[in-house]
Amino acid sequence: MQRQREANRRWLARKQAREQLAPRTPEALEGRKHIDIQTELYLEELSDHIEVTNAKCQTDAVLDKPATPLFIPAKSGKDVATQIEEGELFDFDREVQPVLEVLVGKTLEQSLLEVMEEEELACMRAQLKASKELRNVELAEVQRLEEKERHHREEKKRRLAQQREVLQKERETVEKIAARAYAQFYLADLVPSCFTTLRGHGYFYDPVERDIETNFFPWLMAEVNNNLERRDVARGLLDMLIYDVTQKTSHQLSDCGTPNSTESEKEQEVFEQLEPPK
């Protein structure tokens, strides 16, 4: 059986491999579907008509099996009869008494057992309740002690942190005081010399004096330079005019021997125009 199963398994595996390796038609495009066509050499006519053939078969007549009769064993031995009068074999009132005693005794015993069991269960429930209450009380006490211990630990941590902060502040205060004292000692002679140096370099000045130096003096010097330049230009022009006039006068004197009064008046007007304003 095992070999046959192995052979069937190998045959199914080869069949699946052949089916997987066999060429297949690619999937149809979206909106299209494949149809079956004949690819044999000889075409056959396809029709929807199904060929039907009638056949008959006659079986032999067979009667039903009759019902199986009941099995009755053969009678053996002899029949014997006897007569028993009332009260000869069984007296109900007398025979039922021990049974009733046993039943009543068992019932009472079972009732007592059930009552004792109920009392024991009640006692156990009371003990369980008491133990639960005791456990709850102990648990509450344990939680209170744990909470108290936790509070103590937190308070201890807080106090230690406060003490560390106080020590840190004291240390910082001492360092600041020492640094301030050192700075005061170091800057005692440095500040006057620094202010003297800054004042000498012009960082500390009088605003009016600085305004005069930076604004008024440059403006005054510019105006003076402009006036001087105008005077120089006027003097240069005057010198040129005087030179020209003297040249012309010398030429005229050489030609006529007398100066012209109108030219002298023109020279006077030119001198007045070129004179700078006061």
Side-chain angles (χ1 to χ4, degrees), residues 1-22 27 50 54-169:
M1 291 295 292
Q2 186 175 2
R3 292 180 181 178
Q4 187 177 0
R5 291 177 182 174
E6 292 292 334
N8 293 334
R9 192 179 295 109
R10 287 195 297 272
W11 179 77
L12 290 174
R14 286 196 298 270
K15 183 178 180 182
Q16 291 178 359
R18 284 196 301 271
E19 290 178 355
Q20 293 178 358
L21 296 176
E27 297 293 334
I50 302 174
N54 295 325
K56 295 181 180 180
C57 182
Q58 181 64 41
T59 59
D60 297 335
V62 178
L63 298 177
D64 295 335
K65 182 180 179 182
T68 304
L70 296 177
F71 175 74
I72 300 175
K75 188 177 181 180
S76 61
K78 294 179 180 181
D79 295 333
V80 176
T82 183
Q83 180 65 33
I84 300 175
E85 298 296 337
E86 183 178 356
E88 291 183 355
L89 296 180
F90 180 75
D91 187 2
F92 179 79
D93 294 334
R94 184 172 54 84
E95 297 294 337
V96 81
Q97 187 176 359
V99 177
L100 289 177
E101 291 178 356
V102 172
L103 289 176
V104 172
K106 287 293 183 183
T107 303
L108 292 175
E109 184 181 1
Q110 188 68 27
S111 300
L112 291 174
L113 290 176
E114 290 179 359
V115 171
M116 292 174 63
E117 184 178 0
E118 290 177 358
E119 291 179 355
E120 187 176 358
L121 290 174
C123 183
M124 292 176 64
R125 292 193 190 97
Q127 292 180 359
L128 182 61
K129 184 178 180 181
S131 63
K132 286 183 178 180
E133 292 178 355
L134 181 61
R135 186 184 63 180
N136 293 332
V137 172
E138 292 178 353
L139 183 61
E141 183 67 19
V142 170
Q143 291 178 353
R144 187 184 66 81
L145 294 176
E146 289 179 354
E147 185 67 22
K148 184 177 179 180
E149 183 66 22
R150 185 181 63 81
H151 182 70
H152 287 169
R153 288 198 302 270
E154 292 179 356
E155 185 69 18
K156 183 179 179 180
K157 291 180 180 178
R158 188 174 63 82
R159 294 290 179 86
L160 290 175
Q162 289 180 355
Q163 189 66 23
R164 283 195 292 268
E165 290 179 359
V166 170
L167 294 176
Q168 183 68 22
K169 289 182 179 179

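Basis for what follows: all heavy atoms, side chains included, without hydrogens, waters or symmetry-related copies. Here the structure is a predicted model, which is why all the values come from computation and not from measurement.
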Distance (rounded to the nearest 0.5 Å) between K157 NZ and L160 CG: 10.0 Å
Ionic contact status for R135 with E138, cut-off 4.0 Å: no
- prompt: What's the spacing between K148 NZ and Q143 CD if we round to 0.5 Å?
  reply: 15.5 Å
statement: Rounded to the nearest 0.5 angstrom, the CG-CG distance for L134 and L139 is 11.0 Å
query: So does E120 have more than 12 non-hydrogen atoms from other groups sitting under 6.0 Å from CD?
result: no
Separation of L113 CG from M116 CE (nearest 0.5 Å): 6.5 Å
task: Indicate yes or no: does E141 engage R144 in a salt bridge with an N to O separation below 4.0 Å.
output: yes
field: Set of side chain to side chain contact (heavy atoms under 4.5 Å, CB included) partners for L128, sequence neighbours left out
entry: S131, K132
- prompt: For the atom pair CE (M124) and CG (L121), what is the distance rounded to the nearest 0.5 Å?
  reply: 6.5 Å
task: Find the distance between OG (S111) and CD (E118) and round it off to the nearest 0.5 Å.
output: 10.0 Å
message: Salt bridge or not between E155 and R159? Use side-chain N to carboxylate O under 4.0 Å.
response: yes
message: Test of understanding: with salt bridge (charged side-chain N to carboxylate O under 4.0 Å, His left out), list the residues that count as partners of R14, not counting sequence neighbours.
response: none
statement: Taken in chain and number order and not counting sequence neighbours, the residues that satisfy side chain to side chain contact (heavy atoms under 4.5 Å, CB included) with E147 are R150
